[in-house]
Amino acid sequence: MKNLGLLPKIILAIALGILIGSFAPESVIKIFSTFNGLFGNFLGFIIPLIIIGFIAPGIGTMGRGAGKLLGISTGLAYASTILAGLLALFVANSFYPVLLKNQTLNRFGNPEEALLKPYFSIEMTPIMDVMAALMIAFIIGLGLAAIKGEFLQHAMEDFRSIIEKVIAKVIIPLLPIHIFGIFSNMTQGGQVGAIISVFAKVFVMIIGLHMIFLLIQYSFAGALAKKNPIKMLKEMLPAYFTALGTQSSASSIPITIKHAKKLGASEKVTDFSIPLLANIHLSGSTITLVSCSVAVLMLQGQSATLAEVLPFILMLGVTMIAAPGVPGGAVMAALGLLESMLGFDATMVALMIALYMAQDSFGTACNVAGDGAIAVMTDKLSKKEQQANHTAA
């Protein structure tokens, strides 16, 4: 097992989780549920530290270009998220009238209720939330870039080394066990199969949209980097499957960084942009949320015009930044918008959660795989801007 790469371990963990979850007694599944609870709490605790440890020294080492790099990364991420939402809306309005013909709204509960609870849990409260960590990382990083403070810069780099050790020695080795526990628990609960059996066509369409949008992203990245987009996308498959299993962009950061560098993005840009993109680039989640929300609206007999849904998409790109890097974070962050902007009632919200959670991992995987493309585009665009500035000077 030690000689197996991470990707084979993840695929094996998913397969074993589905297999064992179908016949193992609840007492056994609850052991892994307990492990998942502890591991998930630890991930939640360390996410703000990963953000600060990676982003702050990354900005600091970039000097004057940090502000521009931040602007390029953020602009590309937001544009990608909005474009993904618009694509989902266009396809949904084109195909749902046929796919959902004669379908009516049914009541589903929250699928999390079907999962087995752990034997016990230990609270690991993060020292700050994601937005606070991002703000602190930006302030420290931009401050270091402005004052060129060597002492604090070295301290932040040492802190990053500590975080990297924790990731390499603790998080990555335990990921396959975590993934196994997730899939075994979901399988025994049976909620995924029940939901997908009703919304199979919508589910397939969403996955197809994810694939199409990844091809669009890597076509742009490949054009800038002058590389084959299909080969670039294949390089990101380990990150895709890590996110597929964990349902967390944050816990996939180490794998995403490793393979984004292999795409040709520079080390400095990758170390800075990937942790940032894990929190602000949510194209896959946006495709899922828009597709699911339009499906729920149409099942209610309501319309989903561009004028009605565009403000929702624009707000999603901002609101989901505050979503935690944990399973279901995006839909939880979006619930307020669903109620206030699209008029969802309690029944529609329950159905939305059920439909979203059934395939949340695929949306997260699309987010993570797309981060590599955004990192490459950021790297190439920042270099072009630097060359243009040198030429002008």
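- Taking every heavy atom of both residues into account, Thr378 and Ser73 meet most closely at CG2-OG, 3.2 Å.
- Ser291 places no side-chain N or O within 3.5 Å of a backbone atom of Thr288 that could act as its donor or acceptor partner.
- In this structure, Ala56 and Met156 approach most closely via the heavy-atom pair CB-CE, 3.7 Å.
- Within a 6.0 Å sphere centred on NZ of Lys30, other residues, nucleotides and ligands contribute more than 12 heavy atoms.
- Looking only at side-chain heavy atoms (C-beta outward), Phe272 and Ser266 stay at 4.5 Å or farther from each other.
- In this structure Thr125 satisfies the side-chain contact (heavy atoms from CB on, under 4.5 Å) test together with Glu123, sequence neighbours excluded.
- Here Asn93 pairs with Leu89, Val294, Met298, Ala304 under the side-chain contact (heavy atoms from CB on, under 4.5 Å) rule; sequence neighbours left out.
- Judged by distance alone, with hydrogens and angles left aside, the side-chain atoms of Tyr96 form no donor-acceptor pair with the main-chain N or O of Val202 at under 3.5 Å.
- Atoms OG1 and CG, on Thr256 and Asn367 in that order, are 10.5 Å from each other to the nearest 0.5 Å.
- Ile136 contributes atom CD1, which lies 5.0 Å from atom CD1 of Ile52 (distance to the nearest 0.5 angstrom).
- Residues Tyr218 and Leu263 form a side-chain contact, since some pair of their non-hydrogen atoms from C-beta on lies under 4.5 Å apart.
- Listed by chain and number, the residues in a side-chain hydrogen bond (donor to acceptor under 3.5 Å, both in side chains) with Thr74 amount to none (sequence neighbours excluded).
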Worksheet entry | Test log, rule side-chain contact (heavy atoms from CB on, under 4.5 Å), inputs Asn41 and Ile122 | CA-CA 8 Å; Asn41 287 345; Ile122 300 175; 5.5 Å; no

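- Counting heavy atoms from C-beta on, the side chains of Lys234 and Lys231 never come closer than 4.5 Å.
- When atom types are taken as modelled, the side chain of Tyr240 and the backbone of Phe362 share no donor-acceptor pair closer than 3.5 angstrom.
- Distance NE2/His210 to OG/Ser285: 7.0 Å, rounded to 0.5 Å.
- Linking Ile, Leu, Val, Met, Phe, Trp and Tyr residues whenever their side-chain heavy atoms come within less than 4.5 Å places Leu306 and Leu289 in a single cluster.
- Tracing side-chain contacts under 4.5 Å through hydrophobic residues (I, L, V, M, F, W, Y), one reaches Met211 starting from Leu244; they form part of the same cluster.
- Applying the side-chain hydrogen bond (donor to acceptor under 3.5 Å, both in side chains) rule to Glu267 yields no partners; only residues at least two apart in sequence or on another chain are considered.
- Two residues are said to be in side-chain contact when any heavy atoms from C-beta on lie closer than 4.5 Å; Leu224 and Leu381 meet this criterion.
- Taking SG of Cys292 as the reference point, atom CZ of Phe203 lies at 9.5 Å (rounded to 0.5 Å).
- Residues meeting the side-chain contact (heavy atoms from CB on, under 4.5 Å) test with Ala77, sequence neighbours left out: Leu277, Ile280, His281.
- How far CG of Leu87 is from CD1 of Ile82: 13.0 Å, rounded to the nearest 0.5 Å.
- In the hydrophobic cluster analysis, where Ile, Leu, Val, Met, Phe, Trp and Tyr join through side-chain heavy atoms closer than 4.5 angstrom, Ile147 is grouped apart from Ile139.
- Closest of all the heavy-atom pairs between Ser283 and Gln217 is OG-NE2, 3.5 Å.
- Shown here are the side-chain hydrogen bond (donor to acceptor under 3.5 Å, both in side chains) partners of Lys261, two or more places apart in sequence or in another chain: Asp271.
- With Asp379 contributing its side chain and Ala375 its backbone, the two residues share no donor-acceptor pair below 3.5 Å.
- Between Ala221 and Met377 the shortest heavy-atom distance is CA-CG, 3.8 Å.
- Residues forming a side-chain contact (heavy atoms from CB on, under 4.5 Å) with Phe90 (at least two apart in sequence, or on another chain): Ser94.
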Item to complete: Take Leu310 and Thr305 through the test side-chain contact (heavy atoms from CB on, under 4.5 Å) and record every step on the way to the result.
Response: CA-CA 8 Å; Leu310 179 58; Thr305 65; over 6 Å; no

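- For the side chain to side chain contact (heavy atoms under 4.5 Å, CB included) criterion with Leu209, the lone passing option out of Val91, Val290, Val204 is Val91.
- No side-chain heavy atom of Ser80 sits under 4.5 Å from any side-chain heavy atom of Thr286.
- Nearest heavy-atom pair, Leu338 versus Phe312, reported as atom, atom and distance to 0.1 Å: CD2-CZ, 3.6 Å.
- Here ring-ring contact (aromatic ring centres under 6.0 Å, His included) pairs that include residues 18-40, with residues two or more places apart or in two chains, are Phe32-Phe180, Phe35-Phe39, Phe39-His178.
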Worksheet item: Yes or no on side-chain contact (heavy atoms from CB on, under 4.5 Å) for Ile216 and Phe213, after CA distance, side-chain angles and deciding distance?
Response: CA-CA 5 Å; Ile216 292 172; Phe213 197 72; 4.3 Å; yes

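- A donor-acceptor contact shorter than 3.5 Å is absent between the side chain of Glu235 and the backbone of Ala260.
- Hydrophobic clustering (ILVMFWY, side-chain heavy atoms < 4.5 Å, transitive): Leu174 and Met124 are in one cluster.
- You'll find the side chain of Val368 stays beyond 4.5 Å of the side chain of Thr242, heavy atoms only.
- Shown here for Leu233 and Leu215, the closest heavy-atom pair between the two residues is CD2-CD2, 4.1 Å.
- Within a 6.0 Å sphere centred on CZ of Phe220, other residues, nucleotides and ligands contribute 12 heavy atoms or fewer.
- Atom CD1 of Ile287 sits about 7.5 Å away from atom CG of Leu214, to the nearest 0.5 Å.
- Note on Phe95: it clusters hydrophobically with Val296, by side-chain heavy-atom contacts below 4.5 Å among ILVMFWY residues.
- For the ring-ring contact (aromatic ring centres under 6.0 Å, His included) condition, no pair includes a residue of residues 131-163, sequence neighbours left out.
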